[in-house]
Amino acid sequence: MTLATGSSTTKRPGRLRHLRRGAKAALATAVLGAAVAVLPAGAAHAASPGQLIYVANRYDDSVTAVDSASGAAVATIPVGTGPSDVALTPDDSQAYVTNYEGDSVSVIDTATHTVAATIPVGPSPMPVVVSPDGARVYVAHMGSPGGVEVIDTSSLTVAATLPLSGYPSMIALSPDGGRLYIGITDPPNGSVAVVDTASLAVTATVPVADPAGIAVSPDGTRLYVSGYNNSTISVINTATNTVIATVTVGSQPQRIAVTPDGGSVYVSNWTANTVSVIDAGTNTMTATVPVGAGPAAVLADPDGSRVYVANAFSNTMSVIDTATRTVIATVPTGSRPYGLAIGKAVLPAVTTLAPDHGPTAGGTTVTLTGTHLTGTTTVTFDGTPASGVTVVDDTTVTAVAPPHTAGAADVTLTAKGRTVPAGSYTYQVPAPTVTGIAPATGPVAGGTIVTLTGSDLAGATAVTFGTTPTTSFHVDSDTQITATAPAASAAGPVDITVTTPGGTSAVVTAGRYAYTKDTAKLTASPLLLSITPGQLNINLNLSATLTDITTGKPVPGATIKFTVGTTTVCTATTNAAGTATCTGPCPVTTVLLNLGYTATYTGSPTLEPTSVTAGLIRIG
């Protein structure tokens, strides 16, 4: 069905339709009249969470990457002067941006959101499309003479140029990339040139009135062309290259988007501040959706649930729900948004890592929390892949940490071909354990060689008996240490602990060591004495030497008591040589009845008690 065309006499300004900076304030006032209120944000897009929409902001000389789920700007990328259109490669790795006033194309690396290259092209470039295989980029320049550049994406250079007699206002590719459709403005006429992309030869020309926008149906059988000054959409059969229908839409239609199912066509009406919706099956307009001022690019979401509209004079992007055909959100953009492109890939982001530490042996299950984590394939710790990577949902991923040396490791997550930082994980040496000691006893004098068994003993910095660290130990392996027991201040049990960079071992019964008292020995020599008849008392010069049998050393400072029978003669303290000497009186009758003296040591916390008896030998 062909509908009557409109009768608008408003002159389409051709190249001047794409506003120059010098006149932007006056022109904006003329078109807007009064400011248009920005709608409150609607519900976030749920069908394709986190897809990135790239918005070309003409007066900011930038491209903004907007998260379609939240409407938040993920990045703002400075490009050339007057960016007007943007197209993504099939893998979303690059965005090609035409700089209308810069006569160039900026190539954005979407992983880093930086300009990777700038390619000079013809004057006033605007429309841009990327071939389905990503090998070519087609850029139409509207400056005189008009033409289309073909950019080789591998070399990022212009590989060929197709000259045109008129001004190419918009271009589109067939789904297979075999045909390029170019809307050519050649006042007072207009046409669509059909170009074979293999030979860059024009194979057909379809007359249309003042073309401003072009879109191809997903099956490639239909071509939709907007007539800017007659407010119509021409529907072209691509098999016959003939116009089969004309649909009246709003004032000065510009860009066109076809939903992925091919069922609906959305057209932005530049001065009407509306979007017309066409039923592709009947070629009739079925709805008009008010949007912001100066709608330019119109873009269908890959899942068909949303349509996005760049409102050049409102500095906003309208989000249309295709089910209700209403604006459900209005997203702020940069100044004069003109071109739009939507990515298929989603940038994952990790906000937390828990726990953020674990043993060097690995094996800890780590939970990564963030956004857009669906499709995670790899989690690495300093480049080493984790095992057991599990996607719980779009916000949660779990992974098992691999073994690693002690210290911090950078964690990364890869989803949908994008690798992003996921935080830092600290590997810690595990605390040592002591599971046995042999022997489990030794003298307080120390010196016993003790073998400790356990785990994670490598790197030991101290072995402690009770509170006393030994000055001599050797790490035989990760499970064994040989240590020399230090001297103790008293007999009794103590706990042996091992300290490593991972900590100090816990006190366990299996690590208890018992100090025993040293064996002591007293030696004394017989004493010769002379007793005079009638003598009642005699002074005895007594001595004894105390020795630590365990160490073989004399014991100084010990108290020795000397007795004859039950009579205490004297007491003395051992000197440095361990000898105690004293003199004391003793009844002669006691001496004669016993004929010997006893030296007694009562012991100490470190020495067993001991005594010795030596003879009293009478002479004369």
Side-chain angles (χ1 to χ4, degrees), residues 439-450 465-472 484-494 512-620:
T441 61
V444 294
T448 301
I449 305 300
V450 181
F465 288 65
T467 59
T468 305
T470 180
T471 58
S472 177
T484 301
S489 59
V494 296
R512 188 155 294 164
Y513 180 84
Y515 277 102
T516 59
K517 291 184 178 183
D518 289 359
T519 301
K521 178 182 180 182
L522 274 172
T523 56
S525 299
L527 178 64
L528 300 177
L529 51 85
S530 175
I531 300 175
T532 305
Q535 185 177 358
L536 298 178
N537 292 294
I538 186 172
N539 285 325
L540 301 177
N541 297 314
L542 305 175
S543 69
T545 300
L546 181 63
T547 303
D548 185 332
I549 297 301
T550 302
T551 64
K553 296 179 179 180
V555 180
T559 300
I560 308 298
K561 181 171 72 170
F562 295 88
T563 60
V564 176
T566 60
T567 300
T568 298
V569 178
C570 60
T571 60
T573 301
T574 56
N575 59 19
T579 300
T581 303
C582 64
T583 301
C586 182
V588 170
T589 55
T590 300
V591 171
L592 294 175
L593 289 174
N594 290 279
L595 297 177
Y597 70 94
T598 300
T600 302
Y601 171 65
T602 58
S604 72
T606 60
L607 283 175
E608 295 286 355
T610 185
S611 63
V612 64
T613 299
L616 292 172
I617 302 173
R618 180 180 179 183
I619 57 175

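Below, each value reflects all heavy atoms present in this structure, side chains not excepted, and no hydrogens, waters or symmetry copies.
- Residues passing the side-chain contact (heavy atoms from CB on, under 4.5 Å) test with K521, sequence neighbours excluded: T523, I549.
- Scanning both residues, D518 and P443, for their nearest heavy atoms gives OD1-CB, 3.2 Å.
- Residues L546 and T610 have side chains in contact (heavy-atom distance under 4.5 Å, counting atoms from C-beta outward).
- Between the CG atom of L536 and the OG1 atom of T589 there is a distance of 8.5 Å, given to the nearest 0.5 Å.
- Atom OG1 of T448 sits about 8.0 Å away from atom OH of Y515, to the nearest 0.5 Å.
- The CG atom of L616 lies 8.5 Å from the CD1 atom of I538; values are rounded to the nearest 0.5 Å.
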Side chains of residues 551-565: which donor-acceptor pairs under 3.5 Å do they make with residues two or more places apart or in other chains?
{"residue": "T551", "atom": "OG1", "partner": "K553", "partner atom": "N", "Å": "3.2"}

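- Qualifying side-chain contact (heavy atoms from CB on, under 4.5 Å) partners for A577, counting only residues two or more places apart in sequence or in other chains: N575, T579.
- In this structure, L607 and Y601 have side chains that are in contact, with non-hydrogen atoms separated by less than 4.5 Å.
- Looking only at distances, no side-chain donor or acceptor of N594 sits under 3.5 Å from a matching main-chain atom of G596.
- A donor-acceptor pair shorter than 3.5 Å can be found between the side chains of N541 and T583.
- The two residues V569 and P585 make their nearest non-hydrogen contact at CG1-O, 4.1 Å.
- A524 and S543 get closest at one heavy-atom pair: CB-O, 3.6 Å.
- At a threshold of 4.5 Å between non-hydrogen side-chain atoms, the residues I531 and R618 count as touching.
- The two residues S525 and A614 make their nearest non-hydrogen contact at O-CB, 3.6 Å.
- Counted within 6.0 Å of CG on L593, heavy atoms from surrounding residues, nucleotides or ligands total more than 12; the atom is thus considered enclosed.
- Going from atom OH of Y597 over to atom CG of L540 covers 9.5 Å, rounded to the nearest 0.5 Å.
- When the options I617, V591, I619 are evaluated for a side-chain contact (heavy atoms from CB on, under 4.5 Å) with L529, the one that passes is V591.
- Checking side-chain atoms of T470 against main-chain N and O of T484 turns up a donor-acceptor pair under 3.5 Å.
- Of all heavy-atom pairs spanning S530 and Q535, the tightest one is O-OE1, 4.1 Å.
- When all heavy atoms are compared, the tightest approach of T468 to A487 is CG2-O, 4.4 Å.
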